[in-house]
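Hydrogens, waters and symmetry mates are skipped; everything else that's a heavy atom, side chains included, is used.
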Amino acid sequence: MSPDRASIAAYLTILSGSAGRLVISLVYFLIVANTLTLGEFGIFATASATGVILSRLLAFGFVSPVYRVATVKPRLLGTYLAGFAALGLLSLPLIALASWGTYALLFAGKVALLPFATIILAEVLGWRLVELVAIVNNGMRRFREAALLVVIGSGLRTLAAIGFYLQARPTLEGWAFAYLGATALSALIGFLVFLPRMRLAFVPALYPRRMADALSAGAADILFYLQAELDKLLMLAFAGDRVAGLYAIAMRVIDLTAMPVRSFNQMLVQKIMQERGLRGGARHQVLVELAIAVVSIGGLIAIILLLALFPRALGGNVALASYLFLPMLLVPAFRNLVEYQAELLYARERTGSRVLLLCAVAALKAVLIAWVMTRHGADGSWALWLNGVFGALYLLSTVFTYRLLGKAG
């Protein structure tokens with residue numbers, strides 16, 4: 001990316017929104033993580049991760065054409081959003097069926113169906129629609145509005161968490177309904193206040209031509225979040241809800257280090273889409289990846305130092321999970337770099353190749369984590385082995401991505 005003033009200003013706007021969201025999300029996360037029991041938080045985190053994955057089925061991936069048209073031809077946005085609405089309704093039975101199957105396979109006997117379904121609904125028809133409005137605004141370079149919407153949404157979830165904390169007997173079911181209320185209100189505010197005014201026009205002939213991009217991008221999106229969240233589901237399956245809760249807390253802290261990286265990824269994708277290519281040679285790519293790794297590891301080190309000085313600064317349950325942070329020190333770098341490389345493929349419209357990469361990453365992650373937890377789950381050394389797991393995923397992604405982009409020129 002060229003360091004022109006407009007790009008820097010846009011990045012700082014996105015980053016400021018991410019920073020505001022980071023602070024608010026941290027408060028929200030700490031309240032929920034320390035109010036629920038470790039087992040309940042493990043269930044909530046894995047159910048929420050499942051909802052995030054299933055939310056990518058909404059409208060069969062038509063978010064991707066919506067984003068592209070918002071970026072390059074915003075005058076057609078009303079037509080594409082009408083198609084998103086129609087496809088969204090058609091996709092709901094598939095989402096319901098997939099949710100029921102996932103519940104029967106992983107969650108039956110661990111949590112009642114009602115709170116599980118409520119959490120899924122919050123992710124699919126709550127937060128995913130907030131993301132849609134933010135995506136439209138980002139595509140139109142209305143970065144301030146997109147950032148503000150995400151901050152408001154995070155703030156509403158934090159207010160819901162505070163109300164939940166003040167309940168006399170907080171339960172997972174009570175939190176599920178509070179979570180649904182906060183995300184639904186966020187989506188309503190997004191559509192009423194932040195969605196640019198436009199005239200919706202349903203043009204059936206337009207959508208079949210865009211479905212190939214939608215389906216491939218949607219499949220890649222599902223696979224991206226599947227490989228990103230698969231570890232939480234595997235922890236629940238192999239180690240139980242308490243270890244899943246500890247691991248979910250550790251990964252939530254690690255995920256906070258990705259916010260500056262995701263702001264950069266967003267700007268990079270738009271730049272590549274607009275300029276039809278990626279500037280800079282191998283040395284430039286090495287420097288970018290090194291910077292991402294340093295930022296990622298540095299964020300986790302800052303949290304480790306904070307907890308070394310003030311062990312209960314982030315609450316009792318986070319303190320219980322803090323022993324995982326140092327052994328998993330390299331995980332944030334490898335995880336964020338795989339995400340960055342997947343975004344490079346998306347920006348170059350290599351969505352089919354991105355699907356293949358994410359399939360391979362998800363399969364390798366499943367095999368390696370299953371091996372680690374069956375061999376080392378009992379002795380507690382599994383956290384250290386995860387550096388090797390995520391390192392292997394990064395190597396696979398690096399070889400695949402840069403060989404493909406090199407052939408593309």
Side-chain angles (χ1 to χ4, degrees), residues 42 45-57 98 102 105-107 218-241 243-255 257-258 261-262 265 289 292-293 296-297 300 324-325 327-346 351-377 381-404:
T46 50
S48 177
T50 301
V52 169
I53 295 168
L54 294 176
S55 72
R56 270 54 200 172
L57 290 170
T102 306
L105 183 65
L106 289 175
F107 293 90
D221 217 17
I222 291 167
L223 288 166
F224 173 78
Y225 281 95
L226 178 63
Q227 65 83 23
E229 306 292 351
L230 183 63
D231 42 0
K232 297 184 182 74
L233 301 176
L234 291 170
M235 286 294 172
L236 180 65
F238 281 99
D241 54 4
V243 173
L246 292 168
Y247 181 77
I249 289 172
M251 292 307 292
R252 183 70 179 96
V253 170
I254 286 173
D255 195 52
T257 69
V261 176
R262 286 171 183 159
N265 289 347
E289 294 207 358
I292 290 173
S296 304
I297 294 172
L300 186 56
L324 297 172
F325 297 162
M328 295 170 64
L329 187 61
L330 299 180
V331 169
F334 293 137
R335 190 169 179 265
N336 293 342
L337 285 168
V338 170
E339 183 173 331
Y340 163 73
Q341 291 170 356
E343 291 300 307
L344 286 182
L345 292 175
Y346 174 74
T351 49
S353 299
R354 188 169 179 246
V355 168
L356 291 177
L357 171 62
L358 294 173
C359 279
V361 168
L364 182 60
K365 177 184 276 191
V367 170
L368 292 179
I369 288 183
W371 182 86
V372 166
M373 294 310 295
T374 52
R375 295 292 185 91
H376 303 282
S381 64
W382 56 267
L384 187 61
W385 280 89
L386 290 180
N387 293 290
V389 171
F390 283 88
L393 302 180
Y394 167 68
L395 288 176
L396 170 64
S397 176
T398 298
V399 172
F400 183 95
T401 300
Y402 290 114
R403 285 191 65 180
L404 187 66

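A salt bridge between R354 and E343 is present, with a side-chain N of the basic residue lying under 4.0 Å from a carboxylate O of the acidic one.
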With side-chain contact (heavy atoms from CB on, under 4.5 Å) as the criterion, how do M328 and I254 come out once you've worked through the C-alpha distance, each side chain's angles and the decisive distance to 0.1 Å? CA-CA 9 Å; M328 295 170 64; I254 286 173; 3.8 Å; yes

Where do F334 and L393 land on the side-chain contact (heavy atoms from CB on, under 4.5 Å) test, with the steps shown first? CA-CA 8 Å; F334 293 137; L393 302 180; over 6 Å; no

Check the pair M251 / R335 against side-chain contact (heavy atoms from CB on, under 4.5 Å), numbers first and verdict last. CA-CA 10 Å; M251 292 307 292; R335 190 169 179 265; 3.5 Å; yes

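Between R375 and W385 the shortest side-chain heavy-atom distance does not fall below 4.5 Å. Between F390 and L337, the closest side-chain pair of non-hydrogen atoms is not below 4.5 Å. No side-chain heavy atom of L395 sits under 4.5 Å from any side-chain heavy atom of F400. Counting heavy atoms from C-beta outward, W382 and V243 have side chains that approach closer than 4.5 Å. Residues L54 and L57 are in side-chain contact: their nearest non-hydrogen atoms beyond the backbone lie under 4.5 Å apart. Looking at T46 and F107, their side chains come closer than 4.5 Å, going by heavy atoms from C-beta outward. Two residues are said to be in side-chain contact when any heavy atoms from C-beta on lie closer than 4.5 Å; V399 and Y394 fail this criterion.
When each of E289, Q341, R403 is tested with T398 by the rule side-chain hydrogen bond (donor to acceptor under 3.5 Å, both in side chains), just one qualifies, namely Q341.
Across all their heavy atoms, N387 and V331 have their closest contact at OD1-N, 3.5 Å. The two residues L357 and L396 have their closest heavy-atom pair at CD1-O, 4.4 Å. The nearest pair of heavy atoms linking L364 to A392 is CD2-O, 4.1 Å. Pairing each heavy atom of A49 with each of K232, the nearest pair is CB-CD, 4.2 Å.
The CG atom of L368 lies 11.0 Å from the CG atom of L234; values are rounded to the nearest 0.5 Å. Atom OG of S397 sits about 7.5 Å away from atom CG of L345, to the nearest 0.5 Å. L300 CG to I297 CD1: the interatomic distance, rounded to the nearest 0.5 Å, is 8.5 Å. To the nearest 0.5 Å, atoms CZ (F325) and CD1 (I249) are separated by 8.0 Å. Rounded to the nearest 0.5 Å, atoms CG (L226) and CD1 (I53) are 5.0 Å apart. In this structure, D231 CG and I369 CD1 are separated by 4.5 Å, a value rounded to the nearest 0.5 Å.
The cationic atom of R56 (NZ for Lys, CZ for Arg) lies less than 6.0 Å from the six-membered ring centre of Y225 and within 45° of the ring axis.
For N336 (side chain) and A333 (main-chain N/O), no donor-acceptor pair under 3.5 Å exists by modelled atom type.
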